[in-house]
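One structure is given below, encoded as structure tokens.
Note that the structure is predicted; figures quoted are calculated from it, not measured.
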Amino acid sequence: EATVTQKEDINQNSSEALLNYSEIGAMISLMPMEWVEELHHGASIGSDDEILQLLSQIPQENQTLTAVLTNLVENFRFDIMIELAKYSER
């Protein structure tokens, strides 16, 4: 029950609330497959440092994706990142 409340709070305080999984997944799928795989790996092991390094590689014109993923990292929502990476690998 606490997890649901935490997730709602995160969504209310972030740009993630403005985007759904398919929109974010579509943005991630624009990145090279190797990058997506590294994002999935970093999220799987809970490495915020690895993910933040990957975020620095996102092109300037895709700052929305950077903002959404940064918010997820700051809130330790690696579970959501794993799902987004899986979604975009299809």
Side-chain angles (χ1 to χ4, degrees):
E1 202 170 59
T3 307
V4 174
T5 305
Q6 183 183 16
K7 185 175 181 183
E8 287 170 0
D9 291 344
I10 292 167
N11 284 333
Q12 288 169 0
N13 297 325
S14 73
S15 55
E16 183 190 349
L18 305 174
L19 300 167
N20 64 36
Y21 269 44
S22 63
E23 290 170 323
I24 300 167
M27 288 183 205
I28 291 174
S29 67
L30 296 174
M31 297 298 291
M33 185 52 67
E34 183 181 337
W35 186 94
V36 177
E37 290 168 356
E38 289 178 23
L39 178 69
H40 186 272
H41 176 261
S44 295
I45 62 171
S47 174
D48 51 342
D49 290 336
E50 185 174 329
I51 294 168
L52 291 171
Q53 194 276 326
L54 288 169
L55 298 188
S56 70
Q57 299 172 23
I58 298 174
Q60 193 69 26
E61 61 270 12
N62 206 351
Q63 288 305 297
T64 303
L65 178 60
T66 305
V68 169
L69 295 179
T70 298
N71 181 269
L72 291 174
V73 171
E74 289 172 349
N75 289 286
F76 305 103
R77 292 312 309 257
F78 302 112
D79 56 328
I80 295 175
M81 277 196 241
I82 290 167
E83 291 304 313
L84 289 169
K86 283 182 192 172
Y87 180 91
S88 64
E89 287 172 350
R90 291 181 189 153

| remark: One should read off an interatomic distance between Leu84 CG and Leu39 CG, to the nearest 0.5 angstrom, of 8.0 Å

| field | Shortest non-hydrogen separation from Ile82 to Ser44 and the atoms involved | value | CD1-CA, 3.8 Å

| Closest heavy-atom pair and its distance - Phe76, Asp48 | CE2-OD2, 4.4 Å

| message | Determine whether a donor-acceptor pair (N or O, by modelled atom type, separation under 3.5 Å) exists between the side chain of Asn20 and the backbone of Ser22. | response | yes

| task | Please round to the nearest 0.5 Å and tell me the distance separating atom NE2 of His40 and atom CE of Met33. | result | 11.5 Å

| Does the side chain to side chain contact (heavy atoms under 4.5 Å, CB included) test come out yes or no for Glu50 and Ile45, once each step is laid out? | CA-CA 10 Å; Glu50 185 174 329; Ile45 62 171; 3.8 Å; yes

| What pair of heavy atoms forms the shortest contact from Ala85 to Val36, and how long is it? | O-CG1, 3.8 Å

| Can you tell me how far CG of Asn62 sits from CE of Met31, rounded to the nearest 0.5 angstrom? | 7.5 Å

| request: Evaluate side chain to side chain contact (heavy atoms under 4.5 Å, CB included) for Leu72 paired with Ile51, printing each intermediate quantity in order. | output: CA-CA 10 Å; Leu72 291 174; Ile51 294 168; over 6 Å; no

| request: Show your working on side chain to side chain contact (heavy atoms under 4.5 Å, CB included) between Val68 and Asn71 and close with a plain yes or no. | output: CA-CA 5 Å; Val68 169; Asn71 181 269; 5.9 Å; no

| said: Counting C-beta onward and ignoring hydrogens, is there a side-chain heavy-atom pair between Leu65 and Leu30 closer than 4.5 Å? | reply: no

| field | Contact check, side chains of Leu55 and Thr70, non-hydrogen atoms, under 4.5 Å | value | yes

| note | Taking every heavy atom of Leu54 against every heavy atom of Trp35, the minimum-distance pair comes out as O-NE1, 3.0 Å

| query | Shortest non-hydrogen contact from Tyr87 to Gly25? | reply | CD2-CA, 3.7 Å

| query | Atom CD in Gln57, atom CD in Glu34: separation rounded to 0.5 Å? | reply | 9.0 Å

| request: Could you tell me which non-hydrogen atom of Met81 sits nearest to which non-hydrogen atom of Val73, and how far apart they are? | output: CE-CG2, 3.1 Å

